[in-house]
Amino acid sequence: MTSGVNPPRAPGDGTRAVRAGLPDPVAYEPSLPGPVFAAHFHLPGEAAGPYTYGRDTNPTWTHLERALAELESPDAPAEAVVFASGMAAISAFLLAHARVGDAVVLPDDGYQVLPLVREQLAAYGVEVRTAPTAGDAQLAVLEGASLLWIETPSNPGLDVCDIRRLARAAHDTGALVAVDNTLATPLGQRPLELGADFAVASGTKGLTGHGDLLLGYVVCRDPELAARVRKWRKVVGAIPGPMEAWLAHRSLATLQLRADRQSANALAVAEALLDRPEVSGVRHPGLPADPAHRQAAAQMRRFGCVVSFDLPDRAHAERFLAALRLVDDATSFGGVRSTAERRGRWGGDKVAEGFIRFSAGAEDTADLVADVQRALDEASAAA
Ligand SMILES: *Cc1c(COP(=O)(O)O)cnc(C)c1O
């Protein structure tokens, strides 16, 4: 006999993405309220209330912050704080918590602006230690540290570390742990469930996916830690505009569709590259033979849209990029239109001259793979 009442069912990623952060329905109002453009709000009497001044709070941020907290932490209450960019969010974690004499552990192969953050931390009297992402090498330099910054998968090398293991060791030494979740997005990996204190990300990349805005966020479960990050945002004023926040929220509705198509496209491109004699060092965490695959499969739910590989030299890489028709030669990643670039043009990353970072978009898989194959053929024919 059944009771006639179905048990509650946890919603899937697509359902969560389309509904994330929506307010309760209000008759004759849109399901996602439009952006609120306001520097200040009517504020009679006491200076209290949810909305006072536009650097402190904004209803458009509130909806987006609820959405991000739901996506990063579906099973436990969490708070999100949105920022003007990923770097603003990263700085909020590192600079709001580090004190003179503290030791901070960073990866030595992460996002290309981290060395500049390192300089800033050092200028404030903070000891900065670095170690590679691969092999959980940051474990070896954790003793006595107060903050651990993890970037997995790392950008652009696509190494993966064990978040659970590093977080446990960091907590044993009293450190707070943050994971850069930019590449994975919350549908690819949920750092808070793996033991991190903070999930921090650039929303500029795959999260919003259209290459038309910059955004960052910090999500954590501890309200006191969240309050500290919020206070930092107020002090530095690194706030997103309401239009960006609204566009970002609108874009979240398609996150599952984009993440699924883009990770499938990345895997197809990576597999096609494996068959090419002129291509070496193909990396993508979804490739079964990739050195990062086993750990990625243990903690990720989607492997992301980025593929990296080497062409024989700079000229070969430039011919390949110029021959692509469906793939724009541009930096950044995670957009619905595929992009690729020769990463060495920026300096800084430890990569060879022919190293390509490729970001798979939402094109039809066969079209994208064919475009890559044809561009590789043309680049080799001209050699
Ligand atoms: C782009 C990026 C950032 C910085 O984000 P912005 O929005 O450009 O400030 C940080 N971490 C990673 C891994 C990134 O790819």
Side-chain angles (χ1 to χ4, degrees), residues 64 68 72 80-95 106-118 120-121 130 132-134 138 148-161 163 178-186 188-189 191 196 198-219 229 232-233 236-241 244-245 247-248 251-252 259 262 266 283-285 292 296 300 303-308 330-335 339-341 343 346 348-351 355-360:
L64 176 61
L68 294 169
E72 287 282 1
V81 185
V82 288
F83 284 89
S85 68
M87 283 316 302
I90 293 173
S91 301
F93 168 70
L94 291 170
L95 302 178
L106 303 179
D108 70 6
D109 52 356
Y111 183 59
Q112 61 174 355
V113 184
L114 283 184
L116 299 179
V117 177
R118 179 186 179 159
Q120 192 63 55
L121 285 166
T130 62
T133 298
Q138 288 174 300
L148 169 63
W149 178 258
I150 294 171
E151 184 178 316
T152 181
S154 62
N155 171 28
L158 301 177
D159 282 318
V160 168
C161 60
I163 296 175
V179 175
D180 186 326
N181 212 24
T182 303
L183 198 148
T185 83
Q189 158 177 292
F198 299 89
V200 182
S202 168
T204 310
K205 319 288 171 59
L207 182 83
T208 60
H210 292 71
D212 52 10
L213 62 89
L214 283 96
L215 189 87
Y217 68 84
V218 175
V219 179
V229 171
W232 171 267
R233 179 179 66 185
V236 301
I239 56 167
E244 280 76 8
L247 278 171
S251 304
L252 289 182
Q262 291 179 242
R283 294 295 308 268
H284 177 67
M300 298 183 75
F303 298 115
C305 62
V306 182
V307 179
S308 62
T331 194
S332 198
F333 61 85
T339 56
E341 71 170 334
R343 197 64 185 165
W346 295 94
D349 291 325
K350 293 176 204 154
V351 295
F355 179 93
I356 301 285
R357 183 178 70 181
F358 189 100
S359 171

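Counting starts at 1 for both ligands and their atoms, following the listed order. Bear in mind that the values here come from a model prediction, so they are computed numbers and not experimental data.
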Q) Hey, is the main chain of Phe358 close enough, under 3.5 Å, to the side chain of Glu341 for a donor-acceptor pair? A) no
(Q) Quick check: Met87 and ligand 1, any N/O pair under 3.5 Å apart? (A) yes
Q: List every atom of ligand 1 that sits less than 4.0 Å from any heavy atom of Phe333, numbering the atoms from 1 in the order shown and giving each element.
A: 15 (O)
**Q.** Close side-chain approach of Phe83 and Ser202, heavy atoms under 4.5 Å
**A.** no
Q | Derivation and outcome, side chain to side chain contact (heavy atoms under 4.5 Å, CB included), residues Val218 and Arg233 | A | CA-CA 11 Å; Val218 175; Arg233 179 179 66 185; over 6 Å; no
**Q.** Among Gly110, Ser202, Gly206, closest by any non-hydrogen atom to atom 5 (O) of ligand 1
**A.** Ser202
Q.
I'd like to know whether Gln189 forms a side chain to side chain contact (heavy atoms under 4.5 Å, CB included) with Ile163, so could you lay out the CA-CA distance, the side-chain angles of the two residues, the decisive distance to 0.1 Å, and finally the verdict.
A. CA-CA 10 Å; Gln189 158 177 292; Ile163 296 175; 3.8 Å; yes
Q: Quick one: look at Ile90 and ligand 1, take heavy-atom pairs under 4.0 Å, and tell me if it's side chain, backbone, both or neither.
A: side chain
Q: For Ile90 and Asp180, run side chain to side chain contact (heavy atoms under 4.5 Å, CB included): C-alpha distance rounded to whole Å, both residues' side-chain angles, the deciding distance at 0.1 Å, then the answer.
A: CA-CA 8 Å; Ile90 293 173; Asp180 186 326; 3.9 Å; yes
Q | Nearest neighbour in protein (non-hydrogen) for atom 13 (C) of ligand 1 | A | Asp180 OD2, 3.4 Å
**Q.** Close-contact set for ligand 1 against Gly86 heavy atoms, below 4.0 Å
**A.** 5 (O), 6 (P), 7 (O), 9 (O)
**Q.** Main-chain N/O of Asp159 paired to Ser154 side chain as donor or acceptor, under 3.5 Å
**A.** yes
Q: List the closest protein heavy-atom neighbour of atom 4 (C) of ligand 1: residue, atom name, distance to the nearest 0.1 Å.
A: Tyr111 CE2, 3.4 Å
Q. Starting from atom 2 (C) of ligand 1, which protein heavy atom do you reach first, and at what distance in Å?
A. Lys205 NZ, 2.5 Å
Q. Counting each atom of ligand 1 from 1 as listed, which ones have a heavy atom of Glu151 under 4.0 Å away?
A. 13 (C)
Q: Work out which heavy atom in Arg283 is nearest to a heavy atom in Gly157; give both atom names and the distance.
A: NH1-O, 3.9 Å
